[in-house]
**Student:** 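Quick one: this structure, given as structure tokens, is what I'll be asking you about.
Letters go in sequence order (proteins before strands), and every chain restarts at 1.
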Amino acid sequence: MSTLAREDALARPAQMVVAERRRRPFPWGALTVHGLLLVAVAVIAFPLYYAFVISTQEVSEVIQKPPRLLPSAHLVENYYEAWQRSGMGRLLLNSTIVAVGVAVGKISISILSAFAIVYFRFRGRQFVFWMIFVTLMLPIPVRILPTYEVIGNLGWLNTYAGLTVPLMASATATFLFRQFYLTMPNELAEAAQLDGAGPMRFLWSILLPLSWANIAALFVVLFIYGWNEYFWPLLITNTEEMRTVVIGLESLIPRSGTELPTWNYIMAGAMMALLPPVAVILFMQRWFVRGLIESEK
Amino acid sequence: MEGRFPGRILPYALLFPSIAVIAVFLLVPAVEALRLSFFEVSPFTGRGTFVGLANFRELVRSDIYRGSLSVTLLFAVGVVALGLAGSLAVAVLASLRLPGFGVYRTVLLWPYALSPAVAGTIWALLFDPSTGPVTVLLRAVTGLSPNWMMNGTYALAVTVVAATWKMLGFNIVFFLAGLQAVPQELREAAQVDGAGAVRVFWRITFPILSPVTFFLFVMNSLYAFFEVFGLIDVMTQGGPGGATEILVYRLYQDAFIAARWGIASAQSILLFVMVGALTLLQFRLAGRRVVYA
């Protein structure tokens with residue numbers, strides 16, 4: 001113990017010298033950089049901070065000039081009021097069902113199709129691949145009108161199926177899993193076959209456990225996509241019970257020019273609408289950042 | 001064997017869900033949109049009359065549509081230029097590997113999770129014509145107090161700022177990843193040769209970063225074309241006087257408010273051509289990983 005301590009004491013000055021020498025050109029520069037970054041963070045974060053602040057104030061505080069930049073004490077009553085006025089419980093439930101439905105549904109069907117494309121040889125494989133490729137070019141607004149008709153013909157207006165299934169029609173996830181499976185060594189499938197495992201067994205017991213990081217990343221991306229989709233739910237739902245939260249928020253915003261917006265309730269609603277996706281992104285950041293960069297490249 | 005499984009029916013069964021969804025909700029509607037774009041459809045009977053290219057001709061000649069196109073381009077240029085420049089600057093600072101570097105990514109990333117509609121709501125608050133802090137600040141600094149609900153140019157600027165803000169986190173994450181891939185030795189070598197920091201950035205870092213920049217250019221353009229619908233709907237509904245009526249919003253108006261399905265479908269086709277061009281460009285250039293400075 002004592003020798004260790006002594007060695008430590010002996011070693012320390014040398015380390016400090018090295019550290020100082022390495023750092024010497026930077027101290028002012030580093031401070032400046034941190035300062036600039038903090039300004040950037042402040043500018044980027046201010047809108048959200050201010051939205052939160054307003055959501056805790058009562059009307060008289062909201063309209064005072066100059067604006068009051070500190071939170072007040074009316075958080076609970078504002079959130080309660082916003083919850084009641086917008087039917088927030090139902091909105092959040094719907095958004096959760098849609099976001100989880102889109103994420104789980106799209107990931108599931110994409111894993112299956114990518115598995116088929118990579119691990120089987122069959123007629124029309126190239127065709128299928130190109131068909132999937134084309135879908136990358138068809139974002140919802142481009143095909144909105146006929147898709148709306150299809151939903152109508154299926155009787156899917158105001159249903160969860162109508163809200164989720166059309167959002168799964170894209171190939172990005174299939175691409176991601178295809179890329180990933182292509183990096184797997186061939187021996188993996190060969191060994192499985194020698195051991196007498198069928199393809200589904202191979203997918204379930206070997207491929208899936210290796211894919212968790214990709215699945216997690218994709219889940220975040222798709223959850224956020226499903227939660228935030230605006231155009232589609234606006235079109236195919238027209239009842240209160242089927243609205244998602246980003247649409248339902250509008251019931252807090254006056255559309256007529258004469259009525260002044262009650263910002264404190266609107267912001268309370270906005271905070272509740274943005275909390276779930278922000279929480280998902282912060283909790284799953286590690287997988288998400290990696291997966292995002294891999295999947296988009 | 002080559003690591004493949006035998007199977008005649010299984011691969012088709014595995015593909016079926018994806019193919020079915022894509023066919024029913026994507027390919028068939030796309031073909032139908034193409035067909036409808038050659039028809040004049042009555043909103044009451046749903047019957048169509050073949051009119052050839054008349055819908056496209058009407059669009060090309062229409063002042064409203066041209067106006068909407070130039071609004072969209074201005075909007076996209078604003079979002080791309082402001083967003084890429086801003087996030088590159090922040091990313092460069094955050095990539096200097098100072099202690100505490102990891103924290104910045106966390107605190108800068110989250111706007112990505114916001115929906116454009118919610119972002120729009122928040123910025124409508126900040127720019128509120130009477131009590132918004134940005135309005136108050138602008139009035140104090142410039143003495144002007146424009147109302148973006150009445151002034152078209154200002155409305156466009158406000159929506160651009162709101163839309164850009166939402167994409168900053170996304171852009172910064174990609175720029176940071178790209179910057180980490182720039183070899184440190186290259187920069188140091190240039191510094192030894194007497195190049196200043198600015199010169200090193202423009203001559204070495206920026207060219208190596210160009211694939212990321214280009215990717216973000218495409219993603220931000222697509223975002224500005226399509227995903228800001230909710231933001232526009234919440235903030236301006238295309239107003240005042242069409243000043244923020246981007247193409248997607250125009251399409252929505254024609255398809256679902258005016259029920260002019262033929263014209264709306266023709267707009268879909270034109271949008272498809274624009275996205276297609278952007279996507280192909282991205283795929284052509286994405287293959288080139290190496291960049292020669």
**Student:** Counting only non-hydrogen atoms closer than 4.5 Å, does B/Ala33 touch chain A with its backbone (N, CA, C, O), its side chain (CB onward), both, or neither?
**Tutor:** both
**Student:** What part of B/Val136 gets within 4.5 angstrom of chain A, counting heavy atoms only: side chain, backbone, both, or neither?
**Tutor:** side chain
**Student:** Please classify the contact between B/Ile172 and chain A as side chain, backbone, both or neither, with a heavy-atom cut-off of under 4.5 Å.
**Tutor:** side chain
**Student:** Below 4.5 Å from any heavy atom of chain A, which atoms of B/Leu137 appear? Answer side chain, backbone, both or neither.
**Tutor:** neither
**Student:** Where on B/Pro111 is there a heavy atom nearer than 4.5 Å to chain A: the side chain, the backbone, both, or neither?
**Tutor:** side chain
**Student:** Using heavy-atom distances under 4.5 Å, tell me whether B/Val134 contacts chain A through its side chain, its backbone, both, or neither.
**Tutor:** neither
**Student:** Considering only heavy atoms, which portion of B/Leu26 lies under 4.5 Å from any heavy atom of chain A: side chain, backbone, both, or neither?
**Tutor:** both
**Student:** With a 4.5 angstrom heavy-atom cut-off, which part of A/Tyr225 approaches chain B: side chain, backbone, both or neither?
**Tutor:** neither
**Student:** If I measure from the heavy atoms of chain A, does B/Leu27 come under 4.5 Å with its side chain, its backbone, both, or neither?
**Tutor:** side chain
**Student:** Which atoms of B/Tyr12 are under 4.5 Å from chain A, going by heavy atoms: the side chain, the backbone, both sets, or neither?
**Tutor:** side chain
**Student:** Between B/Ser37 and B/Ser265, does the side-chain hydrogen bond (donor to acceptor under 3.5 Å, both in side chains) criterion hold? Intermediate values first, please.
**Tutor:** CA-CA 5 Å; B/Ser37 70; B/Ser265 299; over 6 Å; no
**Student:** Select one option (side chain, backbone, both, neither) describing which atoms of B/Ala124 are under 4.5 Å from chain A's heavy atoms.
**Tutor:** both
**Student:** Using non-hydrogen atoms only, which part of B/Leu114 is less than 4.5 Å away from chain A: side chain, backbone, both, or neither?
**Tutor:** both
**Student:** Atom CG of B/Leu247 and atom CZ of B/Phe225: how far apart are they, to the nearest 0.5 Å?
**Tutor:** 6.5 Å
**Student:** Counting only heavy atoms closer than 4.5 Å, note whether A/Phe223 contacts chain B via side chain, backbone, both or neither.
**Tutor:** neither
**Student:** To the nearest 0.5 Å, what is the distance between CE (A/Met168) and OG (A/Ser110)?
**Tutor:** 9.5 Å
